[in-house]
Amino acid sequence: MRGKYGGKLDKADVTLLTLLQRNTRLGLESLAVQAGLSAASVQRRLKSLRERRVITGEIALVDPAKVGMPMTFVVMVELERERLDQIDAFTRRAGSEPMVQQCYYLTGEADFCLICTASDMEAFEELTKRLFFEDSNVRRFRTSVVMGRKKVSLEVPVSAG
């Protein structure tokens, strides 16, 4: 498998990516043992994976209910016009909104799918005013309230090629 900027991923890279996606707290020594490499080799590989943007970030997963954000919403957004500048403007607005966890540009009936979190319905209503009602290019949006979090992951299956 080729990364976006060239370099191939080998079996050791795949192992490191798989381990790190499951637990970013693993230290170099633990990664080295599990990947069958030296700590120095792991360090070089991780540096390369970050520089090549195979690894784009490392985050902590937070339970939203435990930090006062127990509600999750899936919002499908249709734009009035789909000019590049308007798509970029909506993307920037959604990207700068802390309550928007994920923003996907889509094909099909909707132009965007947003995954949003909120403390309550009132907070979500305020978000809809800011993002949708105040934007004259938003034709309509449809919201589904998440009833239960059954799987939450950004893990990507990785294989060598």
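As the structure is a prediction and not an experimental result, all values here were calculated from the model. Positions are given from 1, in the same order as the sequence printed here.
Minimum heavy-atom separation, Gly68 to Ser119: O-CB, 3.1 Å. Of all non-hydrogen atoms in Glu78 and Glu109, the two that sit nearest each other are CG-O, 3.5 Å. Between Asp13 and Asp10 the shortest heavy-atom distance is N-OD1, 2.9 Å. Between Asn137 and Arg81 the shortest heavy-atom distance is OD1-N, 2.9 Å. Heavy-atom minimum distance, Cys103 versus Ala94: SG-CB, 4.0 Å. Of all the heavy atoms in Phe124 and Cys116, the pair that sits closest is CE1-CB, 4.3 Å.
For the pair Phe133/Glu125, no side-chain contact is recorded, criterion being any heavy-atom separation below 4.5 Å from C-beta on. Side-chain atoms of Ile115 and Val74, non-hydrogen and from C-beta on, do get closer than 4.5 Å to each other. Residues Val62 and Met69 fail the side-chain proximity criterion, which asks for heavy atoms closer than 4.5 Å. Counting heavy atoms from C-beta outward, Lys47 and Gln43 have side chains that stay 4.5 Å or more apart. At a threshold of 4.5 Å between non-hydrogen side-chain atoms, the residues Gln102 and Leu154 count as touching. The side-chain heavy atoms of Leu114 and Glu97, taken from C-beta on, include no pair separated by under 4.5 Å. Between Phe112 and Leu79, some side-chain heavy-atom pair lies under the 4.5 Å cut-off. Annotation: side chain of Leu49 is in contact with side chain of Leu9 (closest heavy-atom distance under 4.5 Å).
Between the side chain of Thr91 and the main chain of Ile87, a donor-acceptor pair closer than 3.5 Å is present. Side chain of Gln101 to main chain of Thr117: no donor-acceptor pair is present (N/O by atom type, distance under 3.5 Å, no hydrogens or angles). Distance alone, capped at 3.5 Å, places no donor-acceptor pair between the Thr72 side chain and the Val146 backbone.
Cluster membership for Val33 and Leu17, using ILVMFWY side-chain heavy atoms within less than 4.5 angstrom, is not shared. Linking ILVMFWY residues whenever their side-chain heavy atoms come closer than 4.5 Å, directly or via other members, leaves Met76 and Phe90 in distinct clusters. Side-chain heavy atoms closer than 4.5 Å link hydrophobic residues (I, L, V, M, F, W, Y) into clusters, and following such links, even through other members, never connects Tyr104 to Phe132. Connection of Met99 to Val145 is established within a shared hydrophobic cluster, with ILVMFWY side chains joined at heavy-atom distances below 4.5 Å, either directly or through further cluster members. There is no path of hydrophobic side-chain contacts, each under 4.5 Å, that joins Val152 to Val100.
Salt-bridge check for Asp63 with Arg149: failed, with every basic side-chain N at 4.0 Å or more from each acidic carboxylate O.
Other residues, nucleotides and ligands contribute over 12 non-hydrogen atoms within 6.0 Å of the CD atom of Glu58.
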Worksheet item: Leu28 and Leu46: side-chain contact (heavy atoms from CB on, under 4.5 Å), yes or no, with the steps?
Response: CA-CA 10 Å; Leu28 285 177; Leu46 292 178; 4.1 Å; yes
Item to complete: Would you please test Leu31 and Leu20 for side-chain contact (heavy atoms from CB on, under 4.5 Å) and show each step?
Response: CA-CA 8 Å; Leu31 289 168; Leu20 283 174; 4.0 Å; yes
Practice prompt. Go through the steps to decide whether Val75 and Leu131 satisfy the test side-chain contact (heavy atoms from CB on, under 4.5 Å), and finish with yes or no.
Written response: CA-CA 11 Å; Val75 185; Leu131 271 183; over 6 Å; no
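Atom CD in Gln86 sits 9.5 Å away from atom CD in Glu80 (nearest 0.5 Å). Expressed to the nearest 0.5 Å, how far OG of Ser38 lies from CD of Glu29 amounts to 9.0 Å. Summarising the geometry, atom CG belonging to Leu37 is positioned 6.0 Å from atom CG belonging to Leu16; distances are rounded to the nearest 0.5 Å. Taking OG1 of Thr128 as the reference point, atom CE of Met121 lies at 8.5 Å (rounded to 0.5 Å). Distance check: Arg22 CZ to Glu155 CD gives 4.5 Å after rounding to the nearest 0.5 Å. Atom CZ of Phe73 and atom CG of Leu127 lie 9.0 Å apart (nearest 0.5 Å).
For the side-chain contact (heavy atoms from CB on, under 4.5 Å) criterion with Val77, the lone passing option out of Leu106, Asp111, Asp135, Val138 is Val138.
With sequence neighbours excluded, the residues forming a side chain to side chain donor-acceptor pair (under 3.5 Å) with Asp85 are Arg83, listed by chain and number.
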